[in-house]
Amino acid sequence: MGVSLLSSPAFLVFFSFFTFCLLVDPVLGITRHYKFDVKLHNVTRLCHTRSIVSVNGQFPGPRIVAREGDQLLIKVVNHVPNNVSIHWHGIRQLRSGWADGPAYVTQCPIQTGQSYVYNFTIVGQRGTLFWHAHISWLRATLYGPIVILPKRGVPYPFAKPYKEVPIIFGEWFNADPEAVISQALQTGGGPNVSDAYTINGLPGPLYNCSAKDTFKLKVKPGKTYLLRLINAALNDELFFSIANHTLTVVDVDAIYVKPFETETLLITPGQTTNVILKTKPSYPNATFFMTARPYVTGQGTFDNSTVAGILEYESPPNSLHSSKMFPLFKPILPALNDTSFATNFASKLRSLASAQYPANVPQKVDKHFFFTVGLGTSPCQRNKTCQGPNGTKFAASVNNVSFTMPTTALLQAHFFGQSNGVYTPDFPSSPTIPFNYTGTPPDNTMVINGTKVVVLPFNTSVELVMQDTNILGAESHPLHLHGFNFFVVGQGFGNFDPNKDPSKFNLIDPIERNTVGVPSGGWVAIRFLADNPGVWFMHCHLEVHTSWGLKMAWIVLDGERPTQKLLPPPADLPKC
């Protein structure tokens, strides 16, 4: 597999943008060097041309390819007016928290004209992840795939595919996304929605002025293709299907799963899903749409549109027919609010839990946490009119704490013992005022603001229940935890019952991942081992909710042994 991917023409072209050098160490893997030049360049979609922030003039950005065990040194140079930081989404960053990327959490952003080398090693991971900007809404255009191949000589736990194809979903705004969120935060209302969804940067033929910007996947009959699906959209969970074809799910968030077949899948922002596509045994004399559209549970406005790409079989030799004459089949996607599909799909995901790929679920729990996640309100400034509920401003919170971003990076403050005035270690482990979370909301929906964190001793085993609330409407929230994978041991609807629900937890083969959807009007329970010292962000991966404050941070203290301590900061760490 590695040979066919690494020798593909697209891959070789991709490397023409920057230096790539290899320093071979057969035991530890190799060192791969990349250079990301963050620049403005003009892109036209839907007959609108605008200047976007991108890497190396590519949209989506360049593909990072590595093997498990490789070290990556990625130099990011900022040539744009915006402050920039890049997050390597899903990479564990064991002891290398300085390279994680969220602005004002693990680093100050890279300022105009400055650079920073992200230095990390991929340990015990293989599959698909992605990188994206982690400041404001810059990730609308600053994103790209991370392909992690197994170690040399280690096969996939499924048949070797004929070809591998990254498919990355995004959202296109005709306006500047930075202006969109800036306006929303000023008015207190919901932000304007995107104008299109994209597949590999292309909206496809179902939008006006977009037929030429269509992703085409050309395939041969009787072959298997590994599709590496990534949801890099800002604010929308997506259903995805390919007409008249069945997909086999084999991996999510760079973790192998027990394979299962499905016609349609659901993927939240921040999640990845590897699927096997088996093409028809003979040339079908037809072409097929692959489409994605949102799964919507909230009460706000949303981009109610559909992105389409085309699955096209390569014509057999001496064919007299053009594919333009063939019928075009379209998939049938679930209804926009089909929560039962979402629940059933999530229930099919199970870890391999094999001898080679065990599911090391913490069986005992040292610390229990119960977090409400949802929306709320903030008061309008004096003498101003706000466009949120009843003249307030929209907000979002965890345990009613809407996180205030600091102006100094949390990790620096923690490492140098300078937390005073930066953060407080008193994030509530459960709601300070309990209420009927999925019943009638309380009259007072105001959040409190603060930069509060949870502090955990090294190797603490954590159980966290995340509970959706009905405040301003129940909604699915894809929660992403930096620095760790976690096991999804249970989920359900209504209010979590600590007396009854834990008895139904799956502690044998639960799915392991880095981003999970908290069910609309329900709860999800996760477990993880806090074995990675540093400061780790946790937030909703719907960018609007993160902007409104649905985020918090965990600090994991150093262990006693040298191998259990955070490494010191690099010399070129950006300054605030």
Side-chain angles (χ1 to χ4, degrees), residues 167 169-172 190 192-199 203-207 227 229-249 252 260-271 273 275 277 288-311 328-349 373-375 438 468-470 472-479 488 491-494 511 515-524 540-545:
I167 291 180
F169 303 107
E171 279 184 271
W172 172 262
N192 292 336
V193 300
S194 57
D195 294 281
Y197 300 105
T198 56
I199 294 177
L206 301 182
Y207 296 99
L227 308 184
L229 307 175
I230 301 162
N231 189 348
L234 277 188
N235 292 313
D236 290 275
E237 306 184 36
L238 295 169
F239 295 118
F240 173 74
S241 182
I242 302 177
N244 294 23
H245 287 73
T246 300
L247 303 170
T248 303
V249 178
V252 299
F260 67 93
E261 291 188 347
T262 186
E263 318 263 284
T264 304
L265 58 87
L266 176 64
I267 184 167
T268 80
Q271 291 183 341
T273 307
V275 297
L277 166 69
F288 306 91
F289 262 167
M290 55 176 86
T291 59
R293 78 167 184 209
Y295 164 54
V296 182
T297 52
Q299 296 180 352
T301 55
F302 63 96
D303 177 354
N304 185 7
S305 66
T306 303
V307 57
I310 293 175
L311 181 74
L328 176 62
F329 290 96
K330 299 177 182 179
I332 297 169
L333 290 171
L336 290 164
N337 62 350
D338 194 342
T339 294
S340 66
F341 177 92
T343 307
N344 291 336
F345 183 77
S347 70
K348 293 176 187 173
L349 293 166
V373 295
L375 302 185
T438 55
D468 184 33
T469 79
N470 253 355
L472 303 182
E475 189 166 356
S476 173
H477 297 277
L479 262 289
V488 184
Q491 64 178 55
F493 289 103
I511 193 60
T515 304
V516 67
V518 179
S520 177
W523 55 270
V524 67
C540 182
H541 223 277
L542 304 180
E543 211 58 38
V544 59
H545 293 170

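Note that the numbering runs from 1 along the sequence shown for the chain.
Once rounded to the nearest 0.5 Å, the distance linking NZ of Lys348 with OG1 of Thr262 reads 4.5 Å. Ile310 contributes atom CD1, which lies 12.5 Å from atom CD1 of Ile242 (distance to the nearest 0.5 angstrom). Here the straight-line distance linking atom CG of Asn231 with atom CG of Leu238 works out to 4.5 Å at 0.5 Å rounding. The distance from the CG atom of Leu479 to the CG atom of Asp468 is 10.0 Å, given to the nearest 0.5 Å. To the nearest 0.5 angstrom, Glu237 atom CD is 12.5 Å from Phe302 atom CZ.
When side chains are defined from C-beta on, Thr291 does not count as touching Lys330, because their heavy atoms never get closer than 4.5 Å. Contact of the Leu265 side chain with the Leu229 side chain is registered, since non-hydrogen atoms from C-beta on lie closer than 4.5 Å. Within the 4.5 Å cutoff, side-chain heavy atoms of Leu311 are placed close to those of Leu277. Looking only at side-chain heavy atoms (C-beta outward), Pro269 and Leu234 stay at 4.5 Å or farther from each other.
A donor-acceptor contact shorter than 3.5 Å links the side chain of Asn235 to the backbone of Val544. The backbone N or O of Ser476 lies less than 3.5 Å from a partner atom in the side chain of Thr297, making a donor-acceptor pair. Remark: side-chain polar atoms of Ser241 are paired, donor with acceptor, to backbone N or O of Glu263 under 3.5 angstrom.
Of all heavy-atom pairs between His541 and Gly270, the closest is ND1-N, 3.7 Å. In plain terms, the two heavy atoms of Trp523 and Gly494 that are nearest each other are CD1-O, 3.5 Å. Leu472 and Gln299 make their closest contact through O-OE1, 3.6 Å (heavy atoms, listed as atom of the first residue, atom of the second, distance). In terms of heavy atoms, Pro478 sits closest to Leu542 at CD-CG, 3.6 Å. Across Gln271 and Thr515, no two heavy atoms sit closer than the pair NE2-O, 2.9 Å. In terms of heavy atoms, Gly309 sits closest to Ile199 at N-CD1, 3.8 Å.
Note on ring orientation: taking the six-membered ring where Trp is involved, the planes of His477 and His545 are tilted (angle from 30° to 60°).
For Glu261, the side-chain contact (heavy atoms from CB on, under 4.5 Å) partners at least two apart in sequence or on another chain are Thr246, Thr248.
The side chain to side chain donor-acceptor pair (under 3.5 Å) analysis of residues 301-310, with sequence neighbours excluded, yields the pairs Ser194-Asp303, Tyr207-Ser305, Asp303-Ser305.
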Can Thr273 and Phe240 be said to form a side-chain contact (heavy atoms from CB on, under 4.5 Å), step by step? CA-CA 11 Å; Thr273 307; Phe240 173 74; over 6 Å; no
Name every donor-acceptor pair, under 3.5 Å, that has one atom in a side chain of residues 332-340 and the other anywhere in the protein, sequence neighbours excluded.
unit_1 : atom_1 : unit_2 : atom_2 : d
Asp338 : OD1    : Ser340 : N      : 3.4
Asp338 : OD1    : Ser340 : OG     : 2.8
Asp338 : OD1    : Phe341 : N      : 3.0
Thr339 : OG1    : Tyr295 : OH     : 2.7

